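These notes concern the structure reproduced below.
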Protein chains: 2
Amino acid sequence: MEDRELPRREREKRAQRQEMLSAALDLFSEKGYHNVSMQEVAQKAEFAVGTLYKFFRSKEDLYKALLMEMAGTFDDALRIAIEEPGPEIGKLRNYVKVKGELFRSNASMIRLYFSETQGASFNMNAGLDSEVRERHGRFLKKLAAVFESGMKRKQFRRIADPYSLAVALASITN
Amino acid sequence: MEDRELPRREREKRAQRQEMLSAALDLFSEKGYHNVSMQEVAQKAEFAVGTLYKFFRSKEDLYKALLMEMAGTFDDALRIAIEEPGPEIGKLRNYVKVKGELFRSNASMIRLYFSETQGASFNMNAGLDSEVRERHGRFLKKLAAVFESGMKRKQFRRIADPYSLAVALASITN
DNA sequence: CCATAAGATGAAGCAATATTCACTTAGTGG
DNA sequence: CCACTAAGTGAATATTGCTTCATCTTATGG
């Protein structure tokens with residue numbers, strides 16, 4: 001995430017937005033979406049509700065932004081994990097390790113996230129997907145590339161096509 | 001579940017109650033507790049809201065009743081699975097198999113259930129436990145008895161005390 | 001067939017909380 | 001120091017949805 005060289009005010013805004021998202025994250029992951037009021041979020045973030053609404057169109061919007069942000073953070077961490085130079089098997093080990101850490105330290109938020117993205121739960125009028133899905137798609141391609149190159153170097157057996165393996169590994173670790 | 005020889009009205013009531021629980025199950029597991037209104041449940045069950053309230057004190061009460069019912073069904077199925085006559089190892093296999101099936105065919109409801117009983121999510125003022133916990137406790141004892149008897153017959157090695165093994169198997173399969 | 005009771009209904013009351021907006025406060029350039 | 005704009009505020013309003021209850025419907029039995 002780049003943010004060098006921005007008008008000061010712009011940077012402040014970002015910081016405020018972060019404050020808000022962070023407060024929301026704490027509360028949502030602690031008590032769940034429906035049991036947190038905008039008042040609470042505002043209070044925890046030390047702003048007035050009105051200000052919160054200057055940044056997010058609605059509660060749902062805030063929630064979506066939060067998921068996006070989470071997805072981004074996760075994706076970045078995992079991407080870096082498999083881009084570490086070294087042999088393919090090391091990259092995969094890295095991936096599993098980092099994913100494990102991420103899940104462990106964000107357990108409650110993950111539950112929230114999955115209840116949203118996976119089946120059931122509430123139908124946040126879709127839309128959240130487009131970007132997240134796309135990003136995840138790109139990530140899977142990168143992961144597939146790791147398998148691919150491992151196969152080329154005769155490190156892995158070609159038990160299935162690389163992309164399927166990537167999907168499988170991702171699912172299993174979830 | 002016994003219900004033979006009940007005053008007709010009584011049986012109708014049970015049936016109605018079932019209708020309601022069933023409608024609630026569909027909706028809750030589809031959209032999650034907070035995204036289903038009592039109106040919806042009533043409509044789906046083909047009753048008026050008022051009638052719904054004749055059966056359940058509140059929405060929370062309805063939800064609890066549903067969880068209880070689920071817990072009961074599960075417990076029964078699993079109890080039967082380990083009571084099938086035969087060698088202990090077969091009982092354990094049965095247990096795992098049946099549990100797998102139950103989980104597969106009730107995925108969304110299970111998620112709901114776990115988000116309730118496990119950590120985070122909403123604080124349904126406890127209380128739901130007492131009976132469910134007790135029932136589960138009894139079940140674990142039965143499962144422990146299977147290990148116990150398997151050990152007595154020298155089928156299993158005594159790697160740990162039976163009750164711990166029962167708890168372990170239950171956790172793992174979850 | 002009527003009187004009475006038991007059951008069912010859904011519109012209205014009410015509480016919680018998401019959202020708005022008229023107003024205050026802080027920042028900026030002249 | 002002032003005029004003007006951008007930012008921030010939180011009380012007032014709108015919405016949502018749980019719950020109640022006066023009323024209507026159906027069942028019972030005399």
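Just so it is clear, the structure is predicted and the values come from calculations on it, not from any experiment. Throughout, a chain's letter reflects where its sequence line sits, starting with A, and its residues are numbered from 1.
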Q: Could you state the atom-to-atom distance from CG of B:Asn35 to C1' of C:dT17 in whole Å?
A: 15 Å
Q: Starting at atom CG of B:Leu52, determine the distance to atom P of C:dG7, rounded to an integer number of angstrom.
A: 16 Å
Q: Please state how far atom CD in A:Glu46 lies from atom C1' in D:dT9, giving the value in whole angstrom units.
A: 15 Å
Q: With rounding to the nearest 0.5 Å, note down the distance linking CG in B:Leu102 to OG1 in B:Thr173.
A: 11.0 Å
Q: Ignoring backbone atoms, test whether A:Arg9 places a side-chain nitrogen or oxygen under 4.0 Å from the OP1 or OP2 oxygen of C:dT28.
A: no
Q. How close or far is atom P of C:dG7 from atom CD of B:Glu19, stated in whole angstroms?
A. 18 Å
Q: Could you tell me the separation between the NZ atom of A:Lys13 and the P atom of C:dA26, rounded to a whole number of Å?
A: 18 Å
Q) C:dT28 C1' sits how many Å from A:Glu12 CD, rounded? A) 14 Å
Can you pull every protein N or O that's under 3.5 Å from an N or O on nucleotides 25-30 of chain D?
residue : atom : partner : partner atom : Å
D:dT28  : OP1  : B:Arg8  : NH2          : 3.0

Q.
Less than 4.0 angstrom from a charged side-chain N to a carboxylate O is my criterion; do B:Arg158 and B:Glu148 meet it?
A. yes
Q: Can you tell me the distance, in whole Å, between the CD atom of B:Gln16 and the C1' atom of C:dA6?
A: 12 Å
Q. Would you say the side-chain atoms of B:Tyr95 and B:Lys99 include a donor-acceptor pair closer than 3.5 Å?
A. yes
Q) Whole Å only: how far is the CD atom of A:Gln43 from the P atom of C:dT17? A) 14 Å
Extract from the structure each pairing of a protein N or O with an N or O of nucleotides 13-20 of chain D at less than 3.5 Å, listing the distance.
residue : atom : partner : partner atom : Å
D:dC18  : OP1  : B:Lys59 : NZ           : 2.9
D:dC18  : OP2  : B:Met38 : N            : 2.6
D:dT19  : OP2  : B:Tyr53 : OH           : 2.6
D:dT19  : OP2  : B:Lys59 : N            : 2.8
D:dT19  : O5'  : B:Tyr53 : OH           : 3.3

Q: Flag yes if B:Ile172 and B:Ile82 sit in one hydrophobic cluster, no otherwise; membership is Ile, Leu, Val, Met, Phe, Trp, Tyr, and two members link when side-chain heavy atoms are under 4.5 Å apart.
A: no
**Q.** Between B:Asp161 and B:Ser164, a side-chain donor and acceptor under 3.5 Å
**A.** yes
Q: If the plane angle is over 60° it's perpendicular, under 30° parallel, otherwise tilted; pick one for A:Tyr33 and A:Phe28.
A: tilted
Q) Just by distance, do the side chain of A:Ser171 and the backbone of A:Val167 share a donor-acceptor pair under 3.5 Å? A) yes
(Q) Under a 4.0 Å threshold between the charged nitrogen and the carboxylate oxygen, would B:Lys64 count as salt-bridged to B:Glu60? (A) yes
Q) Does any non-hydrogen side-chain atom of B:Asn106 lie less than 4.5 Å from one of B:Phe74? A) yes
